[in-house]
Amino acid sequence: MPSVDLLSPGRIDGFDTRNRMFMAPMTRSRALAGGVPSDLAIEYYAQRASAGLIISEGTAPAATGIGYARTPSIDTPEQLAAWKRITDAVHARGGRIFLQFMHVGRIAHSANRYISDPPVAPSVVRAAGQIWTDALGMQDFDTPRALDTSEIPGVIAQYAQATTSALAAGFDGVELHSASGYLPMQFLSTGSNRRTDGYGGSVRSRIRFVLETLEAMAAAAGGASRVGIKISPAMPFNDIHDDDPIETYTTLVKAIAPMGLAYLHVLRTPPLPNIFQVLRPLFSGPFAAGGGFEQQSGNAMLESGAADVIVIGKLFTSNPDLPDRFAAGAPLTPFDASTFYTPGPKGYVDFPAMSGSGSLV
Ligand SMILES: Cc1cc2nc3c(=O)[nH]c(=O)nc-3n(C[C@H](O)[C@H](O)[C@H](O)COP(=O)(O)O)c2cc1C
């Protein structure tokens, strides 16, 4: 069998990818008031179109899903029009782009939201910790309101509606953010899900929200092949805790395996260093591995057959032409964490491509 590396062409159902490097979803906090992506984002994503697939920054399916400062949504005509300009720019450069749905659940502060409703979560369990707000600086997370059982179909319907909107705005597919302590992971995890209805308690009940959401997104997309999911088993970020993440995630992955999803995106975090080996045999579709990869470790992972695709985040922030750099063996520009979430072009669209590699937009 020919060996596979980051620069080998790949395929996820429905289209070829020019390499096996996906750009990780990354919140960059440059959206305009009202959750509208800014014109700077057109340039930012177009600069990175040589990724095999771009997964967009976390985007709220509806305003209730916003928790952070200057983050986008996809439910108003203005937001859709702004996203369309972005997907057009990526496609004009031969790229592909999925939209990531990020409903933050309890990871929110009212000063960052443009609606007055309190954040919703599986249970009334406030996350320990603080969140940045432009108006008030660092603030404790809001205490969420627990979703009533009768409200859950409405939340799932928001993801379905947002899927329809994303495809209308030109996205090639959508990813459910079920990682990093946000709403779907709050349902999956025993620490944040204290429900006693059909959405809490047993592992079967805790995975139900994710399954029903994926099914609704797939139905809206005309098939599961345009829907991916991201998970981060045992990641402690955002004060999330699960008593038995191996049981939770093996049950989840076995349940989603027959759906025919575009891919399973797994972010490996230190508590479970062997999670790829645990989950890979349970999922026969494209397996996308992320978390701290660079060229050598990414190639080794693909070569070993332990993943089909490598998802890379931070290196894409400062190296818009990362596949070209890997191909040329060119030096990499170190990323600058101080500008990850700051407004404006600095640290966002001003990292140049390597000289001679072609023009940037
Ligand atoms: C600035 C920044 C913002 C991020 N925002 C998101 C996000 O919106 N959605 C998400 O799923 N992960 C987010 N992540 C996590 C990345 O998608 C990725 O899983 C993580 O950075 C590990 O990959 P890396 O080591 O290659 O950067 C973010 C990471 C960074 C550095």
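Classification of the Phe209-Tyr159 ring pair by plane angle, with boundaries at 30° and 60°, yields perpendicular.
Side-chain atoms of Ser205 and Ser202 include a donor-acceptor pair closer than 3.5 Å.
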Between side-chain atoms of residues 221-236 and protein atoms elsewhere (two or more places apart, or another chain), which donor-acceptor pairs fall under 3.5 Å?
unit_1: Ser225; atom_1: OG; unit_2: Asp13; atom_2: OD2; d: 3.4
unit_1: Arg226; atom_1: NE; unit_2: Asp172; atom_2: O; d: 3.3
unit_1: Ser232; atom_1: OG; unit_2: Ser180; atom_2: N; d: 2.9

Give every donor-acceptor pair under 3.5 Å between a side-chain atom in residues 250-261 and any protein atom, sequence neighbours left out.
unit_1: Thr250; atom_1: OG1; unit_2: Ile246; atom_2: O; d: 2.7
unit_1: Thr250; atom_1: OG1; unit_2: Glu247; atom_2: O; d: 3.3
unit_1: Thr251; atom_1: OG1; unit_2: Glu247; atom_2: O; d: 2.6

Pair up each side-chain donor or acceptor in residues 52-60 with any protein partner under 3.5 Å, not counting sequence neighbours, and list the distances.
unit_1: Ser56; atom_1: OG; unit_2: Gln100; atom_2: N; d: 2.9
unit_1: Glu57; atom_1: OE1; unit_2: Tyr45; atom_2: OH; d: 2.6
unit_1: Thr59; atom_1: OG1; unit_2: Glu57; atom_2: O; d: 2.9

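Note on Val36: it does not cluster hydrophobically with Phe101, by side-chain heavy-atom contacts below 4.5 Å among ILVMFWY residues.
Considering Tyr249, Phe287, Phe283 as possible partners of Val266, the one that fulfils the side-chain contact (heavy atoms from CB on, under 4.5 Å) test is Phe287.
Side-chain contact check for Phe141 versus Ile107: some heavy-atom pair is nearer than 4.5 Å.
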Tyr348 and Glu43: CA distance, side-chain angles, deciding distance, side chain to side chain donor-acceptor pair (under 3.5 Å) verdict:
CA-CA 9 Å; Tyr348 189 49; Glu43 193 175 347; over 6 Å; no

Given the rule in the side-chain contact (heavy atoms from CB on, under 4.5 Å) test, do Leu332 and Leu322 qualify, once you have shown the distances and angles that lead to the verdict?
CA-CA 8 Å; Leu332 300 183; Leu322 193 60; 3.7 Å; yes

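Screening residues 102-115 for side-chain hydrogen bond (donor to acceptor under 3.5 Å, both in side chains) gives Gln79-Tyr114 as the qualifying pairs, with residues at least two apart or on separate chains.
Expressed to the nearest 0.5 Å, how far CG of Asp308 lies from OG of Ser8 amounts to 11.5 Å.
In this structure, Phe340 belongs to a hydrophobic cluster whose other members, linked by side-chain heavy atoms under 4.5 Å apart, are Phe335, Tyr341.
Scanning for side chain to side chain donor-acceptor pair (under 3.5 Å) contacts around Arg208 gives Tyr199, Glu212, with sequence neighbours left out.
Remark: Arg96 qualifies as a cation-pi partner of Phe15 under the 6.0 Å distance and 45° angle criteria applied to the six-membered ring.
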